[in-house]
Amino acid sequence: MHIAEGFLPPAHAIAWGVASAPFVVHGVRSLTREVKEHPESTLLLGASGAFTFVLSALKIPSVTGSCSHPTGTGLGAILFRPPVMAVLGTITLLFQALLLAHGGLTTLGANVFSMAIAGPWAGYAVYRLLKRYDVPLMAAVFCGAFVTDLSTYCVTSVQLALAFPDPGSGFLGALGKFGGIFAVTQIPLAVSEGLLTVLVMRLLVQSSRGELTRLGVLLQRARPATAPGATPARDRAPGPTMDTTTAKTEAKIKATDQDTGDARTETEARAR
């Protein structure tokens, strides 16, 4: 998916950079707010970014000027929403361009738009749609990650077709060629990424249930209903223990005996 350094015409490279900028700026605000309000989420944010970095670095030769690989952006989009993933994806692509010569600085805008913006939004939309119809969580996660991966390459095919239309059939002919070549490797990769994302989500459910509940991935367990006007069990004063009740009963018996004895003594005194 990463379009190589200098492969796009300058006008296209600038246009995709301008198109990506608003999404990244909005993502920075969302990420800043998330970290300020919930600093405990930084570990999960870092894990989502690392997941994206590792998977998207596993490149397979494909279309000239690009390559095929998993994207890893579906997980972060499901956990933190697409705006945050736009920032994590941009950071990932920037480091890969500088450290791994994977992608490039001149094509950064185009790569960000396809992998960090279009893909996460498409996958997240599918995930939310399935959740609305009560599809099981793991099935929704698989479909979300699958669509995130595949839609990223659809957008890359559009970008390449716009830059290099077919001499005979134009844009549509080039789109069919780029998309057809990508499909050979990308459909199996999308299935694999969906399964891997499900595996990671299962681990997170076991280890970070509270955080996933806060993020809305897991539903909060309902508490037992309380009758109107009744005091919740946790707010009620503790009742008397057995020992306290017994002691009070014995005290009442002794007081009664003493009162009876006093009355008897008084009666005898009057009789005399």
Side-chain angles (χ1 to χ4, degrees), residues 1 19-57 69-96 108-109 111-132 135-152 155 190 193-220:
M1 170 239 102
S20 299
F23 293 93
V24 177
V25 171
H26 175 57
V28 169
R29 293 178 179 176
S30 299
L31 179 60
T32 303
R33 183 170 59 251
E34 173 69 23
V35 173
K36 284 184 178 180
E37 295 178 357
H38 305 283
E40 69 278 5
S41 66
T42 53
L43 183 61
L44 199 54
L45 280 166
S48 300
F51 185 74
T52 299
F53 183 89
V54 172
L55 287 192
S56 59
H69 57 76
T71 63
T73 54
L75 178 65
I78 291 172
L79 293 177
F80 295 102
R81 312 294 188 273
V84 172
M85 198 60 238
V87 181
L88 298 180
T90 300
I91 295 172
T92 295
L93 290 166
L94 180 61
F95 278 133
Q96 288 176 343
L108 183 62
N111 291 332
V112 166
F113 192 89
S114 60
M115 192 181 98
I117 298 172
W121 273 108
Y124 182 73
V126 170
Y127 165 78
R128 292 298 302 174
L129 179 64
L130 294 178
K131 290 295 292 178
R132 177 175 297 181
V135 174
L137 173 62
M138 295 308 163
V141 168
F142 172 83
C143 293
F146 176 85
V147 172
T148 297
D149 185 298
L150 211 56
S151 58
T152 296
V155 174
E193 181 174 346
L195 295 174
L196 181 59
T197 305
V198 167
L199 177 60
V200 174
M201 186 63 75
R202 285 185 180 276
L203 295 175
L204 291 176
V205 168
Q206 296 175 3
S207 62
S208 305
R209 177 174 290 272
E211 189 68 13
L212 295 185
T213 301
R214 182 188 68 78
L215 292 170
V217 177
L218 296 178
L219 296 178
Q220 189 170 8

Salt bridge (Lys or Arg N to Asp or Glu O under 4.0 Å) partners of Arg214, counting only residues at least two apart:
Glu34, Glu40, Glu211

Can you tell me how far the [atom1] atom of [X] sits from the [atom2] atom of [Y], to the nearest 0.5 Å?
X: Thr197; Y: Leu55; atom1: OG1; atom2: CG; answer: 7.0 Å
X: Arg202; Y: Leu137; atom1: CZ; atom2: CG; answer: 9.0 Å
X: Asn111; Y: Ile117; atom1: CG; atom2: CD1; answer: 11.0 Å
X: Leu108; Y: Gln96; atom1: CG; atom2: CD; answer: 10.5 Å
X: Ser208; Y: Leu218; atom1: OG; atom2: CG; answer: 10.0 Å
X: Ser114; Y: Leu93; atom1: OG; atom2: CG; answer: 7.5 Å

Which atom pair, heavy atoms only, marks the closest approach of [X] to [Y]?
X: Gly49; Y: Leu88; value: N-CD1, 4.2 Å
X: Gly72; Y: Phe51; value: O-CD2, 3.4 Å
X: Pro70; Y: Asp149; value: CA-OD2, 3.5 Å
X: Ser30; Y: Pro83; value: OG-CB, 3.8 Å
X: Thr71; Y: Ser56; value: O-CB, 3.9 Å
X: Phe80; Y: Ser48; value: CE1-OG, 3.7 Å

Are [X] and [Y] side-chain neighbours, meaning at least one heavy-atom pair lies under 4.5 Å?
X: Tyr124; Y: Arg81; result: yes
X: Met115; Y: Thr52; result: yes
X: Thr32; Y: Arg29; result: no
X: Leu45; Y: Leu31; result: yes
X: Leu79; Y: Met201; result: yes
X: Thr148; Y: Tyr127; result: no

Working for side chain to side chain contact (heavy atoms under 4.5 Å, CB included), residues Phe146 and Val126:
CA-CA 10 Å; Phe146 176 85; Val126 170; over 6 Å; no

State whether the side chain of Ser20 and the backbone N or O of Gly109 hold a donor-acceptor pair below 3.5 Å, judged by distance alone.
yes

For Leu195, does the CG atom sit with more than 12 other heavy atoms under 6.0 Å from it, leaving out its own atoms?
yes

For Phe53, look at atom CZ and say whether over 12 heavy atoms of other residues, nucleotides or ligands are found less than 6.0 Å away.
yes

Should Val112 and Phe23 be marked as a side chain to side chain contact (heavy atoms under 4.5 Å, CB included) after you check the CA-CA gap, both sets of side-chain angles, and the distance that decides it?
CA-CA 10 Å; Val112 166; Phe23 293 93; over 6 Å; no

Side chain to side chain contact (heavy atoms under 4.5 Å, CB included) between Leu204 and Leu44, intermediate numbers included
CA-CA 9 Å; Leu204 291 176; Leu44 199 54; 3.7 Å; yes

